[in-house]
Amino acid sequence: MENFQFYSPTEFVFGRDTEDKAGELVKKHGGSKVLIHYGGGSAERSGLLGRVRTSLEKAGVSFIELGGVKPNPRDTLVYEGIELCRRDGIDFILSVGGGSVIDSSKAIALGVPYSGDFWDFYCDKAVAKAALPVGTVLTIAAAGSEGSGDSVITKEDGGLKRGTGTDLIRPRFSILDPQLTCTLPAYQTACGATDIMAHVFERYFTNTTEVEVTDRLCEAVLLTMIKETPRVIADPNNYDARANIMWAGTVAHTNIVGVGREQDWNSHGIEHELSALYDCAHGAGLAVIMPAWMEFVYRHDPLRFAQAATRIWGCQMDFGNPEVTALEGIKRFRSFLHSIGMPINFAELGAREEDIPALVDKFGIGDGKTGGFVHLSAEDITEIYRIAAKAEL
């Protein structure tokens, strides 16, 4: 196990009707004038925004609002939010929505006190020194942004999708009411579940040895997702299953399951180019890319993939040829994704094989290599896209 520092200051408030505590939590964490940031009309139609407004009013906290966040959140709305916060003297951002809304809120939080272009943080031109505090009311279990210091934004000019990370944008509090996820369509639920599983697999496949504790934590989260995802698709109002998935999503991305070990994140980077180009759901893109990445890299450490196959997917170990077991585990992962309604290849996602050169070019690796479990060249990434394009059960 490698040396590590773990910092997770977010106050998590979990359970039924906890959104009614939004006002007191904003006040507790120093907010006096709030930007409520949200997505589409569902937050309004469901009554959630109304309950949040009432809670803020009861706490004596003033607020303004900015809606319109889309999946794969855009830089254009971030700029609008930054200007709005500066103009109105906002000192706290309350994000009401899923990962896209939270990521947009974090970007605004970084941009308000910064004299330059907030995009500098997303293209590694600057290091953040300050940010407005952020709180969240989570409405979908997926990105884990409610407990992480990460944010991903799409720049509309050029279709670039990039991320940044700093503890400055870890939410001060996150309200997690599983009831708020019960109205999600099955496809969105499955996309969220896929993202959660990908967050764990990006940490699980590591070159670091002697990491049994975090191996077992990763496996526990993955086994939970394998059990609970089909249950909520069959019965969307299953509160207990929704609760387990919501907490799994948070645990998956606070990094408690990834400390002390080298991590990968190539699948996320490769997928980001798909969702930037086609505006597909991030989880759907990961369902296509993650098994393809596994098929490309498993020979690097077949025993680790065989361990995943036996411990997570219940495969029988072939001690004479662990690669057989490794491949069976990857096959079962892809079959699981298909069973919950996820695409497994380019055609089902709406992507085109002829766009692979453009996808690789936008990835921006040039003649170099990525880091991670296996260092990947542009040629390697091209092959992963090709595997993804033609994947079958």
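- In this model, a donor atom of one side chain and an acceptor atom of the other lie less than 3.5 Å apart for Thr250 and Glu146.
- There is no side-chain donor-acceptor pair under 3.5 Å between Ser100 and Lys70.
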- prompt: Should Arg74 and Val69 be marked as a side chain to side chain contact (heavy atoms under 4.5 Å, CB included) after you check the CA-CA gap, both sets of side-chain angles, and the distance that decides it?
  reply: CA-CA 8 Å; Arg74 313 306 205 267; Val69 181; over 6 Å; no
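- Using a cutoff of 4.0 Å between basic side-chain nitrogens and carboxylate oxygens, Lys362 and Asp355 are not scored as salt-bridged.
- Between Gln179 and Asp177, the side chains place a donor N or O and an acceptor N or O closer than 3.5 Å (distance only, hydrogens not considered).
- Using a 3.5 Å distance cut-off with no hydrogens or angles, the side chains of Thr208 and Glu2 do pair a donor with an acceptor.
- A donor-acceptor contact closer than 3.5 angstrom is absent between the side chains of Glu295 and Trp293.
- Follow the hydrophobic side-chain contacts under 4.5 Å out from Met294 and you never reach Trp265; the two are in separate clusters.
- Between Lys27 and Val61, the shortest heavy-atom contact is CB-CG2, 4.4 Å.
- Residue Tyr7 places its OH atom among 12 or fewer non-hydrogen atoms of other residues, nucleotides or ligands, all under 6.0 Å distant.
- Note on Arg304 versus Asp215: salt bridge recorded, some NZ/NE/NH1/NH2 to OD/OE distance being below 4.0 Å.
- Distance check, rounded to the nearest 0.5 Å: CG of Leu303 to CG of Asp301 gives 6.0 Å.
- What you find for Ala190 and Ile340 is that their closest heavy atoms are CB-O, 3.2 Å.
- Looking only at distances, a side-chain donor or acceptor of Glu348 sits under 3.5 Å from a matching main-chain atom of Ile344.
- In this structure, Met342 and Thr194 approach most closely via the heavy-atom pair CG-OG1, 3.4 Å.
- To the nearest 0.5 Å, atoms OG1 (Thr370) and CD1 (Ile270) are separated by 7.0 Å.
- Taking the six-membered ring where tryptophan is involved, the planes of Tyr298 and Phe305 are perpendicular, since the angle between them exceeds 60° and thus also 30°.
- The closest side-chain donor-acceptor pair between Asp20 and Ser55, if any, does not fall under 3.5 angstrom.
- A salt bridge links Glu44 to Arg53: at least one charged side-chain nitrogen sits closer than 4.0 Å to a carboxylate oxygen.
- Asn244 places a side-chain N or O within donor-acceptor distance of the main-chain N or O of Asp240, the cut-off being under 3.5 Å.
- Atom CD of Glu212 has more than 12 heavy atoms from other residues, nucleotides or ligands within 6.0 Å.
- Relative orientation of the Phe346 and Tyr385 rings is perpendicular, given thresholds of 30° and 60° on the angle between their planes.
- Here the side chain of Arg242 pairs a donor or acceptor atom with the backbone of Thr181 at under 3.5 angstrom.
- The minimum heavy-atom distance between Val96 and Ile36, with the atom names listed, is CG2-CG2, 3.9 Å.
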- request: Could you walk me through whether Arg261 and Glu210 pass salt bridge (Lys or Arg N to Asp or Glu O under 4.0 Å), step by step?
  value: CA-CA 9 Å; Arg261 55 198 293 150; Glu210 302 294 341; over 6 Å; no
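- Between the side chains of Tyr204 and Gln307, at least one donor-acceptor pair of N or O atoms lies under 3.5 Å.
- Here Glu24 does not pair with Lys21 in a salt bridge; the nearest charged N to carboxylate O distance is not below 4.0 Å.
- Of the possible polar contacts, none joining the Thr229 side chain to the Ile226 backbone as a donor-acceptor pair under 3.5 Å is found.
- A donor-acceptor contact shorter than 3.5 Å links the side chain of Asp264 to the backbone of Phe373.
- Atom OG of Ser267 is separated from atom NE2 of His272 by 10.5 Å, given to the nearest 0.5 angstrom.
- In this structure, Glu383 does not pair ionically with Lys390, as no charged nitrogen and carboxylate oxygen lie closer than 4.0 Å.
- The main-chain N or O of Asp120 is never found under 3.5 Å from a side-chain atom of Asp117 such that the two would form a donor-acceptor pair.
- Considering all non-hydrogen atoms of both residues, Asp91 and Gly30 come closest at OD2-O, 4.3 Å.
- Each of Leu66 and Leu49 belongs to its own hydrophobic cluster when Ile, Leu, Val, Met, Phe, Trp and Tyr are linked at side-chain heavy-atom distances under 4.5 angstrom.
- No donor-acceptor pair closer than 3.5 Å links the side chain of Arg231 to the backbone N or O of Lys227.
- The nearest pair of heavy atoms linking Asn345 to Ala389 is CB-O, 3.5 Å.
- Atoms CD1 and CD1, from Ile108 and Ile93 in turn, are 5.5 Å apart once rounded to the nearest 0.5 Å.
- Salt-bridge formation is detected for the pair Glu328/Arg332: a Lys NZ or Arg NE/NH1/NH2 atom is positioned less than 4.0 Å from an Asp or Glu carboxylate oxygen.
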- request: Would you check, one step at a time, whether the test side chain to side chain donor-acceptor pair (under 3.5 Å) holds for Ser377 with Asp380?
  value: CA-CA 5 Å; Ser377 66; Asp380 296 332; 3.1 Å; yes
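- In this structure, Phe201 has its ring center closer than 6.0 angstrom to the ring center of Phe205.
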message: Please evaluate residues Tyr38 and Thr139 with respect to the criterion side chain to side chain donor-acceptor pair (under 3.5 Å), reporting the C-alpha separation (whole Å), side-chain torsions for both, the decisive distance (0.1 Å), and the verdict.
response: CA-CA 10 Å; Tyr38 63 97; Thr139 61; over 6 Å; no
Candidate pair Ser145 and Lys106, rule side chain to side chain donor-acceptor pair (under 3.5 Å), full reasoning: CA-CA 9 Å; Ser145 196; Lys106 290 175 176 179; 2.9 Å; yes
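- With respect to the salt-bridge test (charged N to carboxylate O, under 4.0 angstrom), the residues Lys369 and Glu379 do not qualify.
- For the residue pair His300/Asn207, the side-chain donor-acceptor check at 3.5 Å is satisfied.
- Note: the hydrophobic cluster containing Phe63 also contains Leu48 (ILVMFWY, side chain heavy atoms under 4.5 Å, direct or indirect links).
- Taking the six-membered ring where tryptophan is involved, the planes of Phe173 and His29 are tilted, since the angle between them lies from 30° to 60°.
- In this structure, Asp279 CG and Asn72 CG are separated by 5.0 Å, a value rounded to the nearest 0.5 Å.
- Hydrophobic clustering of Ile, Leu, Val, Met, Phe, Trp and Tyr side chains at less than 4.5 Å, counting indirect connections, unites Phe6 with Leu217.
- The existence of a salt bridge linking Lys28 and Glu11 is confirmed by a sub-4.0 Å separation between a basic side-chain nitrogen and an acidic carboxylate oxygen.
- Note on Ile90: it does not cluster hydrophobically with Val26, by side-chain heavy-atom contacts below 4.5 Å among ILVMFWY residues.
- Counting heavy atoms of neighbouring residues, nucleotides and ligands inside a 6.0 Å radius, atom CG of Asp157 does not exceed 12 of them.
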task: Carefully, step by step, assess His268 and Glu271 under the rule side chain to side chain contact (heavy atoms under 4.5 Å, CB included).
output: CA-CA 5 Å; His268 267 70; Glu271 190 290 319; 5.7 Å; no
- prompt: Hey, mind stepping through Glu80 and Thr76 against side chain to side chain donor-acceptor pair (under 3.5 Å) and telling me if it holds?
  reply: CA-CA 7 Å; Glu80 185 179 340; Thr76 47; over 6 Å; no
task: Please report the C-alpha distance between Leu222 and Glu219 in whole Å, then the side-chain angles of each, then the deciding distance to 0.1 Å, and finally whether the side chain to side chain contact (heavy atoms under 4.5 Å, CB included) criterion is met.
output: CA-CA 5 Å; Leu222 290 164; Glu219 291 157 9; 5.5 Å; no
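- Using cut-offs of 30° and 60° on the angle between ring planes, the pair Trp119 and Tyr122 is parallel.
- Here Ser151 contributes atom OG and Ile102 contributes atom CD1; the two are 10.0 Å apart, rounded to the nearest 0.5 Å.
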